[in-house]
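None of these values were measured; they are calculated from a predicted model.
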Amino acid sequence: MKRAFFIILKVLVGLVAFLIIAIGLLFILSRCNPELIQRLFEEEPEYVSFSALPHDRDSMKADFDGIHKIVVENYSLYRQKGISLDSLYDVYSARLRDSVKTNNDYGMMLLEYFADLRCGHACAFFIGEHFGGAEPLYIEDRLFLNQPGDYIRKHGFLDKDEIVAINGKAIPNWMAENIRYHEGSTAEQRALRTASSALTSYTDTLLNITVARGSDTISIPLPLHAKGFPNPNICERKILRDSIGYIAIHTMRNGIVEAFDSLYPSVKSLPYLIVDIRRNGGGNSLNGEKLCEYLLKQEKKHCLYDKTIMPRADAYRGKVFLLIDTRTFSAAESFAIDLWESGEATLVGCPTGGDTGSRPETFQSPAGISFRVATSSPRLSPSGFPLEGRGVPPHYKVAQTVKDFMNGIDTQLEFALGLIQNGKD
C-alpha cells in the first residue's frame, strides 16, 4: 500500500513539474511570437446560417447586447477611427426595436454593425448559402465575368460578360446600396469585397442579372445554389519568356510553405522571379515568415513581431518582383511589408487591403454566433508603416484595365515583365 502511495505521489509530482515547464515555455513563446501562442488555442470559427439565428426579438436583443459588450471590452481601434461605440449601440438598438422582424433581418443588421467598425478583421462568420457560381472581377468600377464555370455558363452567361445591373439596379447604385454590408480597413477593400460578392446572397435564391455582351444588353435569371466556389490550387508555377520564374501564392494557410517548397527548385536558379499574391487573403503570418526566408538576401526584423527573419542557405539570389492588389490582406500583407521593407523586391500593382497587425481574436455571442474583432492597439512596422488602415503602396501603381482584360492581357503582370525586359529595378 505504501509503495503504491509513493508511486502515485511520484506520478503527480511529475505531472505538476511537466505543467510548470509547459506553462513556462508557453509564456516564453508568447513573448517571442504572440500570434503563435494565440493559434495554439484558437479553433477555427464555427460558421452559422441565418436560419440558425434567433427568431424572436427578445432573443435577438439579448444576443446583440452580448455582442456589443464584447466589442466594447475588446475592440482596440475604435478611438483611432473616431467611432463612438455608445452611439453605434443606440443606432442598432433602435433598428432592432423598430425594423428588425426576422432572423434574416437580424443577420443583415449584424453585417452592417460589424462593417461600421471599419476594420478588415471585424466580421461575423455567417454561411453564405446561395451562390451564383462565379466571383466577378472588379475593373475600373465595373463588373465582369472571368472564365466562369459550368454552372453559370449553363444558365446562359459567357466569359467577359459585363454585369451592368442586378435585380434592376445599375451597378453603381447596387454597389452604393450593398457596400454597407461589407467590412474593410480601407474604402478600396470594402468596394472590392462588395463587388466580389455580387453573385452570392445570404437570403435570395434568384438574381436577375443584366449583362452587356458586345452591343447587346441581355437579362438573365440566375438561380443561386448551395455549393460555394471550388478551392483553387494554393500555389502555381510558370516559366515566362524562358528565364523568368513566376509563382502565384494564393493563401497563407497551412500547407502553403510545403507547396511553395515543391515548386521552388525549378525557379531558384533563374535571374528573375515574379511572386504573385494578388488573390491572397491571408492565413497564418508564420507561413509568410517562412516564405520570406526563401526570398531575402539578408536578415530582416519581422514587421509584426520582435524577431528576425533569416534567409535560407539556398535563398533566391536573383531579382524579385512582387504583384500585389487590394485583395492582398492580413498574413499576405505582412509578407508584402517584409519584402517591401527589405528593399529586395519591386512591388507592382495596387495598394493592399490595409490590415495585418491588428491581432484579431474570435469570440462567440450568447446565441452562438462566432465573430472577430481586432484587439491590438495601433502599431507600426520597424520602418514606421502603419499596420492597419493603410494599404502597402507599390513601387509602381498599376491597375488592370478593361481594354487589356477584354483582350486577355494581365495589365499588372505585363507591366512587371516590361520592367524586366527594359532592365529597370
For Lys307, is there an ion pair with Glu289 - N to carboxylate O distance below 4.0 angstrom?
yes

So, Glu361 and Arg372, do they make that salt bridge, N to O below 4.0 Å?
no

Please check if any side-chain donor atom of [X] sits under 3.5 Å from a side-chain acceptor atom of [Y], or the reverse.
X	Y	value
Thr375	Asn74	no
Asp325	Thr328	no
Asp314	Tyr294	no
Ser185	Glu388	yes
Thr102	His55	no
Ser358	Asp355	yes
Thr401	Glu140	no
Ser49	Ser51	yes

Can you find a pair of side-chain heavy atoms, one from [X] and one from [Y], that are under 4.5 Å apart?
X	Y	result
Asn287	Phe335	no
His225	His130	no
Lys297	Pro311	no
Pro136	Phe144	no
Phe363	Val71	no
Tyr78	Leu88	no

Parallel, tilted or perpendicular: which describes the rings of [X] and [Y], with under 30° parallel and over 60° perpendicular?
X	Y	value
Phe371	Phe114	tilted
Phe415	Tyr396	tilted
Tyr89	His68	tilted

Does the gap between the ring centers of Tyr264 and Tyr316 come in under 6.0 Å?
no

For the ring pair Tyr75 and His121, is the centre-to-centre distance below 6.0 Å?
no

Taking salt bridge (Lys or Arg N to Asp or Glu O under 4.0 Å) as the test, write out the residues that go with Asp65, two or more places apart.
Lys61

Can you name the salt bridge (Lys or Arg N to Asp or Glu O under 4.0 Å) partners of Arg278, sequence neighbours left out?
Asp276, Asp410

So with a 6.0 Å cut-off around NZ of Lys81, is the heavy-atom count from everything else above 12?
yes

A quick test of your reading: do over 12 heavy atoms of other residues, nucleotides or ligands sit less than 6.0 Å from NZ of Lys290?
no

Ring pair (Phe, Tyr, Trp, His ring centres under 6.0 Å) partners of residues 177-211, not counting sequence neighbours, each pair once:
Phe50-Tyr202

Between the main-chain N or O of [Y] and the side-chain N or O of [X], is there a donor-acceptor pair closer than 3.5 Å?
X	Y	result
Tyr92	Glu112	yes
Asp63	Ser59	no
Gln412	Val398	yes
Thr194	Arg190	yes
Ser93	Asp90	no

Partner set under side-chain hydrogen bond (donor to acceptor under 3.5 Å, both in side chains) for Gln189, not counting sequence neighbours
none

Which residues pass the side-chain hydrogen bond (donor to acceptor under 3.5 Å, both in side chains) test with Arg379, not counting sequence neighbours?
Ser376

Under 3.5 Å, which donor-acceptor pairs link side chains of residues 145-155 to any protein atom two or more places apart or in another chain?
unit_1	atom_1	unit_2	atom_2	d
Tyr151	OH	Pro223	O	2.6
Arg153	NE	Pro148	O	3.0
His155	ND1	Tyr151	O	3.0

